[in-house]
Every structure is written in C-alpha cells, then in structure tokens.
Undergrad: 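Just dropping this structure here.
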Amino acid sequence: MGTAVAAPVRLSVRRGDESVVEDLELPSVPLGLLREARPWRMFRWYKGQQHYSGTYWSATVGDRVIYESRLELGRLLFADFAPEVRHIIAQPFMLKADVDGKVRKHIPDYLLVTDDGPVVVDVKPRHRLEKPEIAFTFAWTDLDGMSLGDAFRLLPQRPRPLVKSSVLHLLWSGHVTTHLAARHHAPERP
C-alpha cells in the first residue's frame, strides 16, 4: 500500500439516545457532544473467542467502560489512574475519509478528555504496527510523532498555504499538540 493521501477527515458520533450525528469536521465538534458519545459498536462474548473483552468500572467516569483486549484494559487502567484525565469514552466516533479514491473508516479505541484537551487513543500491539494495513490506517487518522513540516505536506493535492494554516489552526485550538523542546535539525550547509 502506498502513502495515504486523504481528504479532510470527518467523524460521526453516536449520542446517548442512540441517534447519530454524522459527517462533522473534527475542529468544529463540540466537546460536549464527544463527552456524551456512546460506543460506536458493542461486542458479544462467546466461548472460545480469541480476544479478552469486557467492562471496567472507571472511577474517572463513575460508570463502566468497555474494552476489547487485555492491552486495551491496560491502557484503560492507566487512563483511569492519570490525574489529568477527566473523562474516558470508548469507541467514541467513526472517522471517515476519502483516501486514494476509496472511503475509509476507522473507530478509535478511546477518547480521553484531559486538562490539556481531547486525546484520541488507538491501542495496538507494537508488532502489529508493522502490518501494512495498520500503518496505512494510522497514516490517514493520526499525526502522532509527525513533524510540523511533514504535517504541512500531508495533502499534496491541496495548496500548501491552506494545509499549513489548517494544521496551525488544529495546533492553536488544542486539537493537535507538539513538543517544542524537540527540535529537528536541518543538515548543515557547506
């Protein structure tokens, strides 16, 4: 699979009354709507299943939160213990984007509402990150670990000043964070 070239990512949220709010642009989604989100899908337990799913009573939420693996449970425990996490939502929304001519969909594992803003969490074992389909999905859904320069080049079919201003808007509004202490050094010129 090649490099993902995505149109703007949109999301759909399932509300507490089971109605669905669809095709929202990420920067314009009200935090209140995300806080009331219900898991996008529910899972069934059956004898002999290969994964370990269940519910966890979260002190942060004051209610049960679902998980689909022991790794997700571990991340859930970590989030519940972290003092900066104010709310946890499992499978908070469906992301949708037109990538290389096909509509792609992805449901993140958790949304953490923190003191510094919302944090989207996808839980995958390290060895699965090497799989092309996982890497491809993360390429269009996640900027984690990406330099600002790389983020500015994400949509080469769009005018660079427009992409740059959109990334900077996400940074300014707190939807994306960066570590200013980590500097990227350009090679020295002779």
Side-chain angles (χ1 to χ4, degrees), residues 4 6-47 49-99 102-124 128 133-134 136-144 166-167 169-177:
V9 176
R10 303 183 74 72
L11 62 88
S12 299
V13 177
R14 185 178 314 282
R15 302 177 78 149
D17 63 3
E18 295 299 317
S19 65
V20 175
V21 181
E22 297 195 54
D23 293 326
L24 301 167
E25 291 185 19
L26 187 59
S28 66
V29 178
L31 189 56
L33 177 62
L34 293 175
R35 286 182 68 94
E36 76 171 87
R38 295 295 173 252
W40 192 257
R41 63 179 183 260
M42 294 303 291
F43 48 84
R44 294 184 173 96
W45 293 274
Y46 56 91
K47 185 176 181 175
Q49 71 185 28
Q50 297 298 311
H51 58 280
Y52 182 84
S53 52
T55 59
Y56 165 77
W57 180 264
S58 167
T60 301
V61 177
D63 201 351
R64 293 172 294 179
V65 179
I66 63 171
Y67 59 89
E68 292 184 301
S69 70
R70 289 179 191 229
L71 194 57
E72 282 187 22
L73 175 59
R75 183 60 180 98
L76 186 54
L77 289 164
F78 179 73
D80 201 30
F81 185 73
E84 68 276 6
V85 175
R86 301 294 177 209
H87 197 67
I88 304 166
I89 303 108
Q91 301 176 359
F93 44 75
M94 179 187 298
L95 295 170
K96 203 178 341 177
D98 184 25
V99 182
K102 292 175 108 178
V103 175
R104 307 288 179 163
K105 297 177 183 178
H106 177 69
I107 300 169
D109 295 315
Y110 296 106
L111 176 71
L112 308 178
V113 179
T114 72
D115 292 340
D116 294 327
V119 176
V120 177
V121 176
D122 264 314
V123 181
K124 295 285 182 262
R128 289 193 59 204
E133 63 272 15
I134 302 295
F136 181 77
T137 298
F138 281 4
W140 70 265
T141 61
D142 193 5
L143 299 176
D144 190 31
S166 297
V167 170
H169 168 75
L170 292 170
L171 185 64
W172 181 259
S173 63
H175 293 329
V176 173
T177 60

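Note that the structure is predicted; figures quoted are calculated from it, not measured. Numbers here simply count residues along the sequence, with the first being 1.
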Undergrad: Which atom names give the shortest non-hydrogen contact between P92 and P108, and what distance separates them?
TA: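 Shortest heavy-atom separation between P92 and P108 comes out as CD-O, 3.5 Å.
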
Undergrad: Mind checking whether I107 and F93 have side chains closer than 4.5 Å, heavy atoms only?
TA: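 The answer is no; the side chains never approach within 4.5 Å.
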
Undergrad: Please tell me if the side chains of V113 and I89 come closer than 4.5 Å, counting only heavy atoms from C-beta onward.
TA: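 Touching, per the 4.5 Å side-chain cut-off.
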
Undergrad: Find the distance between OG (S53) and CD1 (I66) and round it off to the nearest 0.5 Å.
TA: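 The OG atom of S53 sits 9.0 Å away from the CD1 atom of I66.
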
Undergrad: What do the steps show when you test K96 against L11 for side-chain contact (heavy atoms from CB on, under 4.5 Å), and what is the final call?
TA: CA-CA 6 Å; K96 203 178 341 177; L11 62 88; over 6 Å; no

Undergrad: When rounded to the nearest 0.5 angstrom, what distance separates OH in Y67 from CD in Q91?
TA: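 Nearest 0.5 Å value for the OH-CD distance: 13.5 Å.
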
Undergrad: Nearest 0.5 Å, what's the CG-NE2 distance between D63 and H87?
TA: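 Reported value, rounded in 0.5 Å steps: 9.0 Å.
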
Undergrad: Would you say the side chains of D122 and Y110 form a donor-acceptor pair under 3.5 Å?
TA: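 On atom types as modelled, these side chains do not qualify, holding no pair under 3.5 Å.
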
Undergrad: Does the side chain of I88 reach to within under 4.5 Å of the side chain of D80, using non-hydrogen atoms?
TA: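 Yes. Closest side-chain heavy atoms under 4.5 Å.
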
Undergrad: Distance from H106 atom NE2 to M94 atom CE, nearest 0.5 Å?
TA: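 Rounded to the nearest 0.5 Å, the NE2-CE separation comes out at 10.5 Å.
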
Undergrad: Ignoring hydrogens and angles, tell me if any N or O in the side chain of R15 forms a donor-acceptor pair with the backbone of V13 under 3.5 Å.
TA: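 Side chain of R15 to backbone of V13: no pair is present.
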
Undergrad: So which heavy atom on D23 is nearest to which on S12, and how close?
TA: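 For D23 versus S12, the nearest heavy atoms are N-OG, 3.5 Å.
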
Undergrad: Less than 4.5 Å apart, side chain to side chain, heavy atoms only: is that true for R75 and V121?
TA: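 Yes. Closest side-chain heavy atoms under 4.5 Å.
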
Undergrad: Could you report the tightest heavy-atom contact between V61 and S58, atom names first, then the distance?
TA: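 Closest heavy-atom pair between V61 and S58: N-OG, 3.1 Å.
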
Undergrad: What distance separates L111 CG from R35 CZ, expressed to the nearest 0.5 Å?
TA: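 Atom-to-atom, L111:CG and R35:CZ are 10.0 Å apart.
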
Undergrad: How long is the span from the CG atom in D109 to the CG atom in L76, to the nearest 0.5 Å?
TA: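 The distance works out to 10.5 Å.
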
Undergrad: Determine the minimum heavy-atom distance between R14 and W40, stating which atoms define it.
TA: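 Scanning both residues completely, I find the closest heavy atoms to be NH2-O, 3.0 Å.
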
Undergrad: Report yes or no: is the cationic atom of R64 (NZ for Lys, CZ for Arg) closer than 6.0 Å to the six-membered ring centre of W57, at no more than 45° off its axis?
TA: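 Relative to the ring axis of W57, which defines the angle, R64 lies outside at least one limit.
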
Undergrad: Below 4.5 Å, heavy atoms only, C-beta onward: do R86 and T114 meet side chain to side chain?
TA: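 Contact flag for R86/T114 side chains = no.
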
Undergrad: Please name all residues satisfying side chain to side chain donor-acceptor pair (under 3.5 Å) with E22, sequence neighbours left out, ordered by chain then number.
TA: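 Checked E22 against side chain to side chain donor-acceptor pair (under 3.5 Å); zero matches.
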
